[in-house]
Every structure is written in C-alpha cells, then in structure tokens.
Chemist: 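Got a structure for you, questions after.
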Amino acid sequence: MRQQHEHRTRRALALLALACVGGTAFATPPANEPPPASFGQATPVEQLQAMTGGSGTTNNINQQTLNGTMSDTEAKNTISGGNVVSGSAFDNSAGLPTVIQNSGNNVLIQNSTIVNVRMNP
C-alpha cells in the first residue's frame, strides 16, 4: 500500500513540474519597474539531488473531505468501453491539468487536489 502511495506521489509531483514548466511564457518586465526581489543564492545541485518531493511539511492542515453518495442506481443493456488520452492531450496546457476518466456505469467520481507551494526568501 505504501509503495502505491509513493508511486502516486512521485507521479503527481512529476506532472506538477511538467505543468509548471510546459506551457510557461516568459516576458521581460517593463523598463520602469524595479527588478523582482531576489530569493538569494541558488541551492547547489548536489544538495537538490538528495532532496525529494514532500520532504518538507507545512504548519497548516490540508484536508479535503469528499462525501459523494449514490443510491437506487441501475444500468441495463449498457456497453462500457476504454478511455484513451492521446500523446498530445496536454500540448499547450498550463497550470494543473487534470484528467478524470470513467469507462463504467453508475460510477461516482470525486476528485480533489491540494497544492502547497512554499518559497522561502
């Protein structure tokens, strides 16, 4: 069970990184604006290599409770099929794209995402 959770966590972090970088547009600030505040010296690559996603914690409690219910559902003479996400499904996307698929009948799907971004100056 723990391996499955770790696999999902790593996959989610990889998708988050891809979403943040994939469709990002960079612009030069106007000349009359001051330069953005610096975050200080960059962390050495050797130190970053030893770190993993989720290695820090927040002081906030992040909890989402989903309470969907289904009742008196019935499916007769139905046909269920497969779901396909093409290789270009996320082209030009930005942010946190989400795909929720269902190939069954009488299914309740609940989705929830919490993203914590902490940037220490």
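Position 1 is the first residue of the sequence, and the numbers go up from there.
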Chemist: Looking at every non-hydrogen atom in both residues, tell me the closest pair between Q101 and V85 and how far apart they are.
Modeler: NE2-CG2, 3.5 Å

Chemist: Under a 3.5 Å threshold, yes or no: a donor from one side chain and an acceptor from the other, between N105 and S80?
Modeler: yes

Chemist: Could you tell me the separation between the CD1 atom of I109 and the CD1 atom of I100, rounded to the nearest 0.5 Å?
Modeler: 6.5 Å

Chemist: Can you sort out the partners of T69 under side-chain hydrogen bond (donor to acceptor under 3.5 Å, both in side chains), two or more places apart, ordered by chain and number?
Modeler: none

Chemist: Supply the atom-to-atom distance S86 OG to D91 CG, rounded to the nearest 0.5 angstrom.
Modeler: 7.5 Å

Chemist: Identify the two heavy atoms, one from N106 and one from M70, that lie closest to each other, and give their separation to 0.1 Å.
Modeler: O-CE, 2.9 Å

Chemist: Which pair of heavy atoms, one from N67 and one from Q110, lies closest together, and at what distance?
Modeler: N-OE1, 3.3 Å

Chemist: E74: which residues meet the side-chain hydrogen bond (donor to acceptor under 3.5 Å, both in side chains) condition with it, sequence neighbours left out?
Modeler: K76

